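As the structure is a prediction and not an experimental result, all values here were calculated from the model. Whatever order the structure lists them in is the order used to number ligands and atoms, beginning at 1.
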Amino acid sequence: MTVYLINPSDVSFGTAVITPRWLYVLAGATPKVFGGPALVDETLEAFDPNCVQVGDVVGIGIHTANTLRGYAIGKMARERGAHVVFGGIHATLYPEEALGLGGAHSVVEGDGDVVWPSVLADCYNGVPRSRYLGGRVEASDFVPARWDLIPRNRYMWASVQTVRGCPKHCSFCSVWRTDGQRPRQRSSDAVIEEIVQLRRLGFRFIALADDNFYPVTLNDLQLASRLQDKSRLHVLEAIRVERFELMLRLAQLPPDMVFFTQITMEAAEDPDFLEAMRAARIKGALVGVESVTPEGLKDVYKDFNLAGESLVERLQTFRRHGVHVLGSFIFGLPSDRPQTFTATAAVAERAEITFAQFVMLTPFPGTVDFNRWEKTLGDTPQQIAGVAITRRWLIPPALRPKLYWPHPVMSGEEIRRRTQAVWDSFYSWKSIWKRSRFIKSLKGRLAFMMISRIYRQMYADTGIATDSARLAWSARSARWLARPCRLLFAARPMPHLNAPGAVPCSTTTMPTTRRTISG
Ligand code: SF4
């Protein structure tokens, strides 16, 4: 029995930016008795169903964007006699759909880390159950990834998770509902062990693939300190102490290592945290800016963010502490107007953010927005190619609308066009060259330009363009650029590298929470 683990994708680039971590985690959870699993990442190359034999297990992880491709693979694998198992966020939200349309024998709901060996044992014995409840496993049970299986020459960045869950509740995001609002934070030992393994292999760029790397804000601590019962404060303090401990240990890794993560903008209020990030060489962070106006932030329940000039200042703070921002912006919010697009582009420019992504508001399953939207459409939503618009991921991609909410003043096409124009202007050669001035060497600046273009080709045109010639050109040029780009990220392997020891956090190495909250 061969175990296949497949990350579906409609577009393959030959080389990918970040490793799909779940493949390597489930490989780690696969008992040795079933042999080494075959890992297939379709962002590299398409899966060949002819290799599947009767009795094999084909595990497919899906999120909303790759669901249709995942279902096609599931049906092909089932026809060839495999046990088909679906997991991932989308399968967790719609298990019946994967069973009905994806050829699934089984669906794993929630985290696969602990339940996966039982699924495989049941398949092996010919008695797979249709549903397995993986739940939300505790951080101590997170399975380390099997990096010994990674094809070294195909990825630019490896990914390591340090925490699952996010305490916020943004209306467009499903993370806090699927992964929960309680941060489940791994010990620094477990995280460092994986990173050292990756550096031994020659990966020096690591994405800390977390829902929110800054799970406890100074405001959270202040509010908890006012409560009579101090137990919550102690829990939050412990999480914060562990974050600093991890960053101290990252700082002891080889100096050529670079980390990237995802945090909320509130981290900019916390200079101690930003300085610890600087020391740890966490040089980049995805920050969800979403909107540059207070009305827009209210639209997405993210009024803990700032708008206007304060926003510019807040984003510049990251840069002053050596953290480059990848700002994420949403267009198509009810309060957006035609001038919002130029205002957003201007803020992105003035705030000196290094990379940006501009996405169109889309209701994602599992979010507050989606539920609200689905309700407004009633029992008879519009059908496209025989599929209800509320199941848009099942509509053939070429027929999918680009905007799902009627906007008060703009058509969907106008929003799409204006969004595309902001991508075009932010990633014009001239703008990228200007942004690259923080790099001293010409070689470095050219590398930055190449990486910026590849980011844009992979994430802009493949997402929002409607013109098929433009889509094909983007995929082709991204493929062409990706190969030399990967070499820029590679490092000489360090097979004898040892993990740095635990660092005791003391008042001299880390600002104590008490000192911070009492000012
Ligand atoms: S968008 Fe970010 S901050 Fe908001 S809930 Fe999702 S992960 Fe948390």
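- Contact annotation: Cys166 places an N, O or S atom under 2.8 Å from atom 8 (Fe) of ligand 1.
- Using a cutoff of 4.0 Å between basic side-chain nitrogens and carboxylate oxygens, Glu295 and Lys298 are not scored as salt-bridged.
- For atom 2 (Fe) of ligand 1, the nearest non-hydrogen atom of the protein is Lys302 NZ, 4.3 Å.
- In terms of protein heavy-atom proximity, atom 4 (Fe) of ligand 1 is nearest to Cys170 SG, 2.3 Å.
- Here is the list of ligand 1 atoms found below 4.0 Å of a heavy atom in Trp176: 5 (S).
- At least one N/O/S atom of Cys173, from backbone or side chain, sits under 2.8 Å from atom 6 (Fe) of ligand 1.
- Using a 4.0 Å cut-off to heavy atoms of Lys168, the atoms of ligand 1 that qualify are 3 (S), 5 (S), 8 (Fe).
- When non-hydrogen atoms are compared, ligand 1 lies under 4.0 Å from the backbone of Asp211 (N, CA, C, O) but not from its side chain.
- Side chains of Glu266 and Thr264: a donor-acceptor N/O pair is present below 3.5 angstrom, by distance only.
- Note on ligand 1: Thr264 sits in its first shell, one or more heavy atoms being nearer than 4.0 Å.
- Side-chain atoms of Ser231 and Asp229 form a donor-acceptor pair, as typed in the model, at a separation below 3.5 Å.
- A donor-acceptor pair under 3.5 Å is absent between the side-chain atoms of Arg314 and the main chain of Ala268, judged by distance alone.
- The aromatic rings of Tyr427 and Tyr455 sit tilted, their planes meeting at an angle between 30° and 60°.
- Figure legend: cation-pi geometry between Arg319 and Phe438, with NZ or CZ positioned under 6.0 Å from the six-membered ring centre and within 45° of its axis.
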